[in-house]
Structures are given as structure tokens and as C-alpha cells.
Amino acid sequence: MTERKPPEVSFESWIDKQIREAEERGDFATLKGRGKPLPDGLDTTSHDEQWWIKQKMAREGLSHLPPTLALRKEAEDVLAAAPDAPSEQAARRLVTDLNAKISEALRMPPPGPPLGLKPFDVDEVARTWRERHPDRG
């Protein structure tokens, strides 16, 4: 495979010819994993020195988000959980704690993308909770 591509031959046909000739010679017959699918997560498009850390985190179900994105995710989770909280007071506590984190992030912005959040109206969340649980309000 050290010969040069002739100028009049396209890359695709020249490469196809090289592969076909190597297959005919049996150069690929003893390769490890021959005939098996490529492993999941194999990314040959980048040369990331920490690829093994990312694969380990994926296998272990771990993730890392920048602080602002983690807070956005937490806000989404809290707003979804608040209407189903066991009591109105628990729903208020969830949103109040979230608002404290948002206020802190607005005062001292963490690294990463912009937060894009403002504190939520605790009374509005409590009203939603009462509407969902008329028998407990």
C-alpha cells in the first residue's frame, strides 16, 4: 500500500482497489473482531485524550454538566415534582430551596453557559399544587 495514487484515478476507486486486493491476499482474514459489530461509543472522528474517562463515565451511568446546565436540569425536575409533593408546604420548600440556588447563581455566575433562569413564584407553584390536590388543600 505504499504505491502512489495515479493522478488520473479518483481517490475512491483507488482506495477501493487497494482494499479489494488486500482482501484477496487475505490481509484482513485474521483481524481481531472480524465479522463482529464495532463496539458502542467508538468515536474515530476526534482525538480526545480523555476518551477513556468519557467511556468509563458512560458505562457507570455518570455525567457531568456545567453548573448552570445542572441548575437548569434541577429546576426542570423541581418544577415537575412540586405539583406531586406530599403537601403544599413540601412543594413550597422545594421551590424556595431552588430559588435560593438560582439567586446565588445570579449573584455569582458560575462558569459555563448563561443560566437563563430567574427565581420562580412560590405562590404560583403552591396554587398549582392546591389545584392538583383539592382534597388536601
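This one's a predicted model, so the numbers in the text were calculated from it and none came from an experiment. Below, each value reflects all heavy atoms present in this structure, side chains not excepted, and no hydrogens, waters or symmetry copies.
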Would you call Arg20 and Glu24 a salt bridge, using N to O less than 4.0 angstrom? yes
Would you check, one step at a time, whether the test salt bridge (charged side-chain N to carboxylate O under 4.0 Å, His left out) holds for Arg127 with Glu124? CA-CA 5 Å; Arg127 184 184 63 73; Glu124 177 66 25; 2.3 Å; yes
Smallest heavy-atom separation, Trp129 atom then Pro86 atom, equals CZ2-O, 3.9 Å
Minimum heavy-atom distance Pro119-Ser103, with the two atoms named: CG-OG, 3.7 Å
Are the side chain of Thr68 and the backbone of Pro113 linked by a donor-acceptor contact shorter than 3.5 Å? yes
Same cluster or not: Leu115 versus Leu69, using hydrophobic residues (I, L, V, M, F, W, Y) connected whenever any side-chain heavy atoms lie under 4.5 Å apart? no
Looking at CG of Leu71 and CG of Leu98, how far apart are the two atoms once the value is rounded to the nearest 0.5 Å? 6.0 Å
Whether over 12 other heavy atoms sit under 6.0 Å from Arg34 CZ: no
Could you list the residues that satisfy salt bridge (charged side-chain N to carboxylate O under 4.0 Å, His left out) with Arg93, not counting sequence neighbours? none
Look at the side-chain heavy atoms of Ile, Leu, Val, Met, Phe, Trp and Tyr, link any pair under 4.5 Å apart, and say whether Trp52 and Leu62 land in one connected group. yes
Using 0.5 Å steps for rounding, measure from the OG1 atom of Thr128 to the CD atom of Glu88. 10.5 Å
Which atom names give the shortest non-hydrogen contact between Ser87 and Ala90, and what distance separates them? OG-N, 3.0 Å
Roughly how far apart are Arg130 CZ and Arg132 CZ, rounded to 0.5 Å? 14.0 Å
Minimum heavy-atom distance between Asp123 and Arg92, given as atom pair plus value: OD1-NH1, 3.0 Å
Any pair counted as side chain to side chain donor-acceptor pair (under 3.5 Å), so long as it reaches residues 107-120, sequence neighbours left out: Glu104-Arg107
Distance, nearest 0.5 Å, that separates CG of Asn99 from CG of Leu94: 11.0 Å
Correct closest heavy-atom pair for Pro110 and Pro67 would be CB-CB, 3.7 Å
Separation between CD1 (Ile102) and CZ (Arg72), nearest 0.5 Å, reads 11.0 Å
With rounding to the nearest 0.5 angstrom, report the CD1 to CD distance, Ile53 to Gln55. 11.0 Å
Heavy-atom closest pair, residues Ala91 and Ala85: N-CB, 3.7 Å
Assigning hydrophobic clusters by single linkage (Ile, Leu, Val, Met, Phe, Trp, Tyr; side-chain heavy-atom cutoff under 4.5 Å), is Leu106 placed with Phe120? yes
Sequence neighbours excluded, which residues qualify as salt bridge (charged side-chain N to carboxylate O under 4.0 Å, His left out) partners of Glu74? Lys101
